[in-house]
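Right, one structure below, let's go through it.
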Amino acid sequence: DFYQPRVSRLVLGSNPISGAAHFNGLLGSMMKEYFTEDNLQKLIFDAHANGINFMQGHYDPGIQQCIEKVRDSGGTFNWMFIVNLYKEGAGPYNHSLLNPVVQKGIKTAKPIALIHHGSQGDDLWQQGKRKFEQVNDAFKRIADMGIIPGMSTHLPETIQYVEDKGWDCRFYMGCFYRVGKIKAKEWKKRTGLTPIGEYYTEEMPEEMCRVL
């Protein structure tokens with residue numbers, strides 16, 4: 001009931017392009033400095049030349065322009081990007097289905113899927129299940145547009161909840177690490193470790209893989 005093209009098993013992501021290093025601010029700044037318009041275009045054209053025809057990440061007009069150049073040259077390149085239902089402050093939360101720029105991007109870029117933003121979904125989960133209902137509202141809105149709805153998350157329990165509720169989510173993107181989505185005091189109580197910044201421990205990937 002949805003358009004489902006063949007896509008490469010290896011997928012490009014956009015975190016390096018936007019400088020989201022998940023290491024430190026210096027590395028993130030270096031990533032953003034490297035990905036000029038020319039280097040971004042080179043990345044996408046080189047990927048396409050090597051059989052990668054799929055990209056996921058945040059909505060970005062610069063990425064869209066590069067993908068459209070590949071398509072204009074006769075190539076096939078698929079895209080899905082992260083959105084949420086409501087505009088929530090600054091940064092990636094502005095990638096909302098209600099944002100006119102994103103609405104225009106959806107019409108022109110024709111993404112094969114839209115992903116509910118992981119960090120926003122995680123934050124809504126921590127505010128309570130009633131708040132988390134916004135994620136289901138986003139799934140409905142996306143499906144009504146004829147686009148495959150999906151969800152990204154850093155918290156395995158959100159996937160289990162969506163499955164138990166039977167919401168119309170067609171795929172999940174599960175992060176191997178919780179990326180600081182547990183309060184430091186709670187994590188110290190669970191593991192005996194005192195986290196500093198974003199923390200990553202050995203049992204996190206196993207936890208996510210089990211749920212997936």
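Basis for what follows: all heavy atoms, side chains included, without hydrogens, waters or symmetry-related copies. The model shown is predicted, which means the values in this text are computed figures rather than measured ones.
- Residues Q64 and E68 bring a donor and an acceptor atom of their side chains to less than 3.5 Å of each other.
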### Message
As a quick check of understanding, evaluate side chain to side chain contact (heavy atoms under 4.5 Å, CB included) for I63 and F81, giving each step before the final call.
### Response
CA-CA 10 Å; I63 294 175; F81 50 82; over 6 Å; no
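- Side chain to side chain, T153 and D122 meet the donor-acceptor criterion of an N or O pair below 3.5 Å.
- Residue K42 is tested with N39, D38, D46 for a side-chain hydrogen bond (donor to acceptor under 3.5 Å, both in side chains); the sole match is D46.
- Once rounded to the nearest 0.5 Å, the distance linking CD1 of I52 with CG of L12 reads 5.5 Å.
- Between Y161 and W167, the distance from one ring center to the other falls under 6.0 angstrom.
- Note that CD of Q65 is 11.0 Å distant from CG of D72, once rounded to the nearest 0.5 Å.
- Summarising the geometry, atom CZ belonging to R170 is positioned 13.5 Å from atom CG belonging to L114; distances are rounded to the nearest 0.5 Å.
- Side chain of Q134 to main chain of L85: no donor-acceptor pair is present (N/O by atom type, distance under 3.5 Å, no hydrogens or angles).
- Hydrophobic clustering of Ile, Leu, Val, Met, Phe, Trp and Tyr side chains at less than 4.5 Å, counting indirect connections, keeps L27 apart from L40.
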### Message
side chain to side chain contact (heavy atoms under 4.5 Å, CB included) for N15 and H58? Distances and angles first, verdict last.
### Response
CA-CA 8 Å; N15 268 13; H58 292 105; 4.0 Å; yes
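- The closest donor-acceptor contact from the side chain of S152 to the backbone of G118 lies under 3.5 Å.
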### Task
Please report the C-alpha distance between N84 and L97 in whole Å, then the side-chain angles of each, then the deciding distance to 0.1 Å, and finally whether the side chain to side chain contact (heavy atoms under 4.5 Å, CB included) criterion is met.
CA-CA 6 Å; N84 58 72; L97 286 168; over 6 Å; no
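- Here the straight-line distance linking atom CZ of F35 with atom CE of M30 works out to 12.5 Å at 0.5 Å rounding.
- A single hydrophobic cluster is seen to contain both V211 and F132, as judged by linkage of ILVMFWY side chains at heavy-atom distances under 4.5 Å, directly or through other members.
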### Task
Output, in order, the C-alpha distance, side-chain angles, deciding distance and verdict of side-chain hydrogen bond (donor to acceptor under 3.5 Å, both in side chains) for Q103 and N99.
CA-CA 6 Å; Q103 290 179 1; N99 187 317; over 6 Å; no
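- At most 12 heavy atoms of other shown residues, nucleotides or ligands fall within 6.0 angstrom of atom CZ in F176.
- Side-chain atoms of S14 and Q56 include no donor-acceptor pair closer than 3.5 Å.
- In this pair, F77 and H48 present their aromatic rings tilted. The plane angle is within the 30 to 60° band.
- With hydrogens and angles left out, the side-chain atoms of N53 and T76 include no donor and acceptor closer than 3.5 Å.
- Looking at R141, its side chain never comes within 3.5 Å of a backbone N or O of L98 through a donor-acceptor pair.
- At a threshold of 4.5 Å between side-chain heavy atoms, the hydrophobic network of Ile, Leu, Val, Met, Phe, Trp and Tyr places F23 and Y34 in two separate groups.
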### Query
Stepwise, does the side chain to side chain contact (heavy atoms under 4.5 Å, CB included) test hold for L124 with Q120?
CA-CA 6 Å; L124 291 170; Q120 194 203 42; 4.1 Å; yes
